[in-house]
Every structure is written in C-alpha cells, then in structure tokens.
Amino acid sequence: MAGKHGPDEILIKVDNSGGTLVDLSAYIDTFNGITKEALTEEDTVFGDANETHGVVGVSRVQPVTLEGWYDDTATTGPHAILNAIGNTRSLQITWGNSLTTTVECVITSYARSAARSGSTRFSANLLPTGAVTEA
C-alpha cells in the first residue's frame, strides 16, 4: 500500500560542533518522535459552567529521546556528537520519501549504560528550542 513507511526509511541526523549534519541512524534503535504542541491556559471566568482553555500563541516541541548502540568513533559516533551537554545542535529527521523536520535542540543529558549480558548503549535527551522547519 502506498504511503506506508518503515524504520528503514527514517534518517536521524544531528550536527557536530562544526555544524555538519552527521547521520546517526545506524546507531539509534529508539526514537520517541517529534511531538508539536500548542500551549494553552485555563481561562474560565465567573459564570461559566464549564472549564475553558485559550491558546496563548506559543507552541513547542516535546523533548526528544534518542537511544541505541554506543560507539566512541572519534568524529562520527553518537558519543562524539551527543556528549556535549548544554550545547545546541540541529536535529534533522527524514520521514519516508523526503519530508524532513529540522529543529535546534539543547542537549540536556547524555548517558552510557553497560550490562554484563549485553552491549553498551547510550541515551540522549534533546530539548527543542525555536521554530520547527518542515520541507
């Protein structure tokens, strides 16, 4: 069926400290997606029988979590790109054929974990900041 896309068509890129996008797709096996949200506030007044909410005119993207296989390759692995707590990086997701979503993100956390019975993994949390561009 046309229009369906699988994980083999997702590209996840994050730029390095030089501003060049690096494809981290081969390392990532968990991505919580891009969730855009309009901020609202409760604006119920006296005399209203039901709670009401109004849009405040500001939107945001929920935090993004990337998880996968740890690799400390000097310039291209997730450790080299994502172990930059507090720095801002571009995140670009390519969905299916060619639609891309790009947003600047602050790297708020980066972790490595090891298990006796498995490979070393990484986890990074990115806090989107600013406008989202889709093309």
Using the rule that two of Ile, Leu, Val, Met, Phe, Trp, Tyr join whenever any of their side-chain heavy atoms come within less than 4.5 Å, decide whether Leu11 and Leu99 are in one cluster. no
Kindly work out whether a path of hydrophobic side-chain contacts (I/L/V/M/F/W/Y, heavy atoms less than 4.5 Å apart) joins Ile107 to Tyr70. yes
Look at the side-chain heavy atoms of Ile, Leu, Val, Met, Phe, Trp and Tyr, link any pair under 4.5 Å apart, and say whether Phe31 and Leu24 land in one connected group. yes
Just checking, any donor-acceptor pair under 3.5 angstrom between side chains of Gln92 and Thr100? no
Any side-chain hydrogen bond (donor to acceptor under 3.5 Å, both in side chains) pairs touching residues 7-18, not counting sequence neighbours? His5-Glu9
Approximate separation, where rounding is to 0.5 Å, of Ile34 CD1 and Asn32 CG: 7.5 Å
Find the distance between OG1 (Thr30) and CG (Leu66) and round it off to the nearest 0.5 Å. 9.5 Å
Show your working on side-chain contact (heavy atoms from CB on, under 4.5 Å) between Thr133 and Val103 and close with a plain yes or no. CA-CA 6 Å; Thr133 303; Val103 64; over 6 Å; no
Hey, are the side chains of Leu127 and Cys105 touching, using non-hydrogen atoms and a 4.5 Å cut-off? no
Ser90 versus Leu21, closest heavy-atom pair with distance: O-CD2, 4.1 Å
Could you measure the distance from the CD1 atom of Ile12 to the CH2 atom of Trp95? Nearest 0.5 Å is fine. 8.0 Å
Let me see the working for His79 and Phe122 under ring pair (Phe, Tyr, Trp, His ring centres under 6.0 Å), right down to the final yes or no. CA-CA 8 Å; His79 181 74; Phe122 80 90; 9.7 Å; no
Are Ile85 and Val22 connected into the same hydrophobic cluster when the rule is that any two of I, L, V, M, F, W, Y join if their side-chain heavy atoms are below 4.5 Å apart? yes
Determine whether the side chains of Thr44 and Glu51 contain a donor N or O and an acceptor N or O closer than 3.5 Å. no
Gap separating the OH atom of Tyr110 from the CG atom of Asn83, nearest 0.5 angstrom: 5.5 Å
Residues passing the salt bridge (charged side-chain N to carboxylate O under 4.0 Å, His left out) test with Glu37, sequence neighbours excluded, are Arg60
Is there a donor-acceptor contact under 3.5 Å from the side chain of Asp48 to the main chain of Val45? yes
Show the nearest heavy-atom pair for residues Ile81 and Thr76, with the distance to one decimal. CG1-O, 4.3 Å
State which residues pass ring pair (Phe, Tyr, Trp, His ring centres under 6.0 Å) with Tyr27; sequence neighbours excluded, sorted by chain then number. none
Restricting to pairs with a member in residues 118-128, which pass side-chain hydrogen bond (donor to acceptor under 3.5 Å, both in side chains), not counting sequence neighbours? Asp29-Arg121, Thr65-Asn125, Ser109-Asn125
Heavy-atom closest contact (Ser25 atom, Asp23 atom, distance): OG-OD1, 2.6 Å
Any Val14 side-chain heavy atom under 4.5 Å of Leu82 side chain: yes
Apart from Val56 itself, residues in the same hydrophobic cluster as defined by side-chain heavy atoms under 4.5 Å: Leu39, Val58
Ignoring hydrogens and angles, tell me if any N or O in the side chain of Glu104 forms a donor-acceptor pair with the backbone of Val106 under 3.5 Å. no
Pairwise side-chain contact, Val64 with Pro128, heavy-atom cut-off 4.5 Å (strictly under): yes
Name all pairs fulfilling the salt bridge (Lys or Arg N to Asp or Glu O under 4.0 Å) condition that reach into residues 62-77, sequence neighbours left out, sorted by first residue then second. none
